[in-house]
Amino acid sequence: MTAPTLRCGYLVPEFPAQPHTWVWRHYHAIKEIGVELDLVSTRPPSDDHLCHPWSHEARDLTTYLTPLGPSGIASALGTILVAGPLAWGRCLWAVVGADKATLRDR
């Protein structure tokens, strides 16, 4: 019986950019030990930040959370609807019960 493959997400803000050489090396080191790794970033960098030989490859491998296009919005709404009332209540309770959060943060 073989062990299931471990799959993880690797979240890096505005990836790839100049200081992210260590992230790219870390990404490959983790993959070498057999972990499936999905690169995720808050938003894509501007073209003038793509300064490494590997930057374009990294950008193509990365899933970006913003900007959210029409298909992303539809997917998010579908996920929310499928989650159901129990999940909605848990999310609302997490927001209401957040310690030391201002009204704006909530």
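Computed from a predicted model, the values in this text were never measured in an experiment.
- Residues Leu6, Tyr10, Val12, Phe15, Trp22, Val23, Trp24, Tyr27, Ile30, Val35, Leu37, Leu39, Trp54, Leu61 make up the rest of the hydrophobic cluster containing Ile33, defined by ILVMFWY side-chain heavy atoms closer than 4.5 Å, directly or through other members.
- Residues Pro16 and Pro45 approach most closely at O-CG, 3.0 Å, considering heavy atoms.
- Counting heavy-atom neighbours within 6.0 Å of His28 NE2, excluding the residue itself, gives a total above 12.
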Return all side-chain donor-acceptor pairs below 3.5 angstrom for residues 77-89, not counting sequence neighbours, or 'none' if the list is empty.
unit_1 : atom_1 : unit_2 : atom_2 : d
Thr79  : OG1    : Ser75  : O      : 2.9
Trp88  : NE1    : Ile80  : O      : 2.7
Trp88  : NE1    : Gly84  : O      : 3.4

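- Partners of Thr102 by side-chain hydrogen bond (donor to acceptor under 3.5 Å, both in side chains), not counting sequence neighbours, listed by chain and number: Asp105.
- Under a 4.5 Å side-chain heavy-atom criterion applied to ILVMFWY residues, the cluster that includes Val40 comprises Leu11, Leu65 as well.
- The hydrophobic cluster of Leu50 has no other members, since no ILVMFWY side-chain heavy atom comes under 4.5 Å of it.
- Between Glu14 and Ser41, the shortest heavy-atom contact is N-OG, 3.0 Å.
- Considering only residues two or more places apart in sequence or on other chains, Glu36 meets the side-chain hydrogen bond (donor to acceptor under 3.5 Å, both in side chains) condition with none of them.
- Residues His52 and Thr21 share a closest heavy-atom pair of CE1-OG1, 3.2 Å.
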